Structures are given as structure tokens and as C-alpha cells.
Amino acid sequence: GLQTTINRLHPYYTYECRVAAHTTREGVLSRPINITTDQDAPSAAPENIRGHASGSTSIYLYWSPPPLQHHNGIISRYYIYVTEVITSTETEHTTTGLQTTINRLHPYYTYECRVAAYTTREGVLSRPVNITTNQD
């Protein structure tokens with residue numbers, strides 16, 4: 001059979017495809033079929049990252065998803081990277097929602113927090129937000 005490849009399509013879009021034979025003039029179009037391209041990593045970071053200390057050993061973070069045109073699929077979870085500014089020690093956390101509380105932190109430490117959306121792959125990391133836990 002005959003086949004072709006169409007490049008430069010958007011991730012996770014549904015396209016209606018039809019074919020027609022062409023000799024000296026265009027033939028009759030086939031019935032349409034819908035084809036959906038595969039998901040890809042989000043092409044933009046989550047937005048409006050905000051947070052505050054929720055105690056001496058915890059911080060609360062919340063954000064908005066990336067703009068819809070950059071989802072490139074169904075966002076199934078978010079990765080949160082929390083780095084102690086003094087030691088550069090990083091921990092990774094996941095959640096399915098648009099907010100989370102990070103526990104077991106040190107009192108009165110500053111943490112750099114970044115968030116990435118995930119479809120079938122991890123997307124772009126957000127700009128860092130620094131949050132300092134409360135004193136004991």
C-alpha cells in the first residue's frame with residue numbers, strides 16, 4: 001500500500017485526514033479519519049509559583065498550570081524540586097494537584113523551589129521561588 005509521513009504536527013492534537021487519488025484531475029476524497037498525535041513534555045513551565053512557611057519545618061507551595069497551548073498532553077502530575085540554599089541539597093517531591101506542603105525541613109532555612117509539569121515526560125522548570133521556614 002501507499003503511505004506517507006506528515007511532519008511538524010503539534011503534540012497531542014487530533015487531525016482529520018482524507019486522501020484522494022490524482023491523475024489528470026483530483027479524485028473523490030476518502031471518508032475522514034481522525035488521528036491524534038502522541039503526547040509530549042509540556043513546553044512551558046507552571047506559572048505564578050507562590051508559597052510561604054507553614055511552620056518551622058514546612059513550607060506550603062501553590063501554582064497555576066502552564067498555558068493550555070503548552071500542555072502537549074494530559075498533565076498527570078507535578079514535580080517539585082526543593083533545594084537548601086546553604087548546602088545545595090535538593091529533594092524531589094510529586095503531587096497531582098496545584099499545591100503541596102513540603103515537610104521535614106530545617107527551621108529558619110531558605111529553600112529554593114521550582115516546579116515542572118509532567119505528561120509522559122517532564123516539562124520546563126519554573127523560575128525559582130525562595131521561601132524561608134519559620135524559627136522554632
Side-chain angles (χ1 to χ4, degrees):
L2 299 175
Q3 63 183 23
T4 190
T5 300
I6 303 170
N7 295 308
R8 298 189 190 122
L9 300 176
H10 296 283
Y12 204 62
Y13 270 53
T14 299
Y15 294 88
E16 182 180 281
C17 301
R18 303 173 109 188
V19 295
H22 188 82
T23 54
T24 57
R25 60 189 181 122
E26 189 173 311
V28 177
L29 284 171
S30 68
R31 289 179 182 242
I33 62 166
N34 290 334
I35 299 174
T36 302
T37 54
D38 291 337
Q39 297 187 69
D40 200 358
S43 53
E47 299 182 322
N48 306 314
I49 314 301
R50 302 266 190 269
H52 55 80
S54 56
S56 62
T57 60
S58 61
I59 56 177
Y60 174 74
L61 290 167
Y62 57 101
W63 56 89
S64 302
L68 186 58
Q69 68 270 24
H70 294 285
H71 283 199
N72 297 335
I74 297 169
I75 295 175
S76 60
R77 61 186 167 270
Y78 291 89
Y79 283 92
I80 302 96
Y81 297 93
V82 179
T83 305
E84 288 182 4
V85 171
I86 293 173
T87 65
S88 297
T89 302
E90 181 180 80
T91 57
E92 178 184 304
H93 309 267
T94 60
T95 185
T96 56
L98 297 172
Q99 61 188 15
T100 192
T101 299
I102 308 295
N103 296 303
R104 298 187 192 140
L105 302 175
H106 298 291
Y108 206 56
Y109 267 54
T110 299
Y111 293 89
E112 179 186 273
C113 305
R114 300 179 81 180
V115 181
Y118 183 96
T119 54
T120 55
R121 296 186 324 158
E122 187 173 318
V124 179
L125 277 169
S126 68
R127 289 184 171 163
V129 171
N130 286 354
I131 301 171
T132 302
T133 52
N134 295 334
Q135 293 184 24
D136 268 339

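Bear in mind that the values here come from a model prediction, so they are computed numbers and not experimental data. Any value given below was found using the heavy atoms of this structure, including those in side chains, with hydrogens, waters and symmetry copies removed.
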statement: Residue pairs passing the ring-ring contact (aromatic ring centres under 6.0 Å, His included) test with at least one member in residues 16-51, sequence neighbours excluded, are none

statement: Apart from I33 itself, its cluster of hydrophobic side chains linked below 4.5 Å comprises I35

task: Not counting sequence neighbours, which residues clear side chain to side chain donor-acceptor pair (under 3.5 Å) with T89? List them please.
output: T87

task: Check whether V129 and I59 end up in the same hydrophobic cluster, where Ile, Leu, Val, Met, Phe, Trp and Tyr are linked by side-chain heavy atoms less than 4.5 Å apart.
output: yes

Report all side-chain donor-acceptor pairs from residues 67-75 shorter than 3.5 Å, counting only partners two or more places apart or in another chain.
residue: H70; atom: ND1; partner: S43; partner atom: OG; Å: 2.9
residue: H71; atom: NE2; partner: P66; partner atom: O; Å: 2.9
residue: N72; atom: ND2; partner: A41; partner atom: O; Å: 3.0
residue: N72; atom: ND2; partner: S43; partner atom: OG; Å: 3.3

- prompt: Between S64 and N48, what is the shortest heavy-atom contact and its length?
  reply: OG-ND2, 3.3 Å

message: According to side chain to side chain donor-acceptor pair (under 3.5 Å), who are the partners of T94, at least two apart in sequence or on a separate chain?
response: none

statement: When every non-hydrogen atom of Y111 is compared with those of T133, the smallest separation belongs to CE1-CG2, 3.9 Å

query: Applying the 4.5 Å side-chain criterion to the ILVMFWY set and letting contacts propagate, would V124 and L98 be lumped into a single cluster?
result: no

Going by atom type alone, with no hydrogens or angles, which donor-acceptor pairs under 3.5 Å involve a side-chain atom of residues 1-12 and a protein atom two or more places apart or on another chain?
none

query: What residues, two or more places apart in sequence or in another chain, satisfy side chain to side chain donor-acceptor pair (under 3.5 Å) together with H93?
result: T91

What side-chain donor-acceptor pairs closer than 3.5 Å can you find for residues 112-123, not counting sequence neighbours?
residue: R114; atom: NE; partner: S126; partner atom: O; Å: 2.9
residue: R114; atom: NH2; partner: S126; partner atom: O; Å: 3.2
residue: Y118; atom: OH; partner: T120; partner atom: O; Å: 3.1
residue: T119; atom: OG1; partner: D40; partner atom: O; Å: 2.5
residue: R121; atom: NE; partner: D40; partner atom: OD1; Å: 3.2
residue: R121; atom: NH2; partner: D40; partner atom: OD1; Å: 2.7
residue: E122; atom: OE1; partner: Y81; partner atom: OH; Å: 2.8
residue: E122; atom: OE2; partner: Y81; partner atom: OH; Å: 3.1

message: Applying side chain to side chain donor-acceptor pair (under 3.5 Å), can you list everything that pairs with D136, at least two apart in sequence or on another chain?
response: S56

query: Which residue pairs satisfy the salt bridge (charged side-chain N to carboxylate O under 4.0 Å, His left out) criterion with at least one member in residues 76-98, sequence neighbours excluded?
result: none

- prompt: How would you list, by chain and number, every residue that makes a ring pair (Phe, Tyr, Trp, His ring centres under 6.0 Å) with Y78, sequence neighbours excluded?
  reply: W63

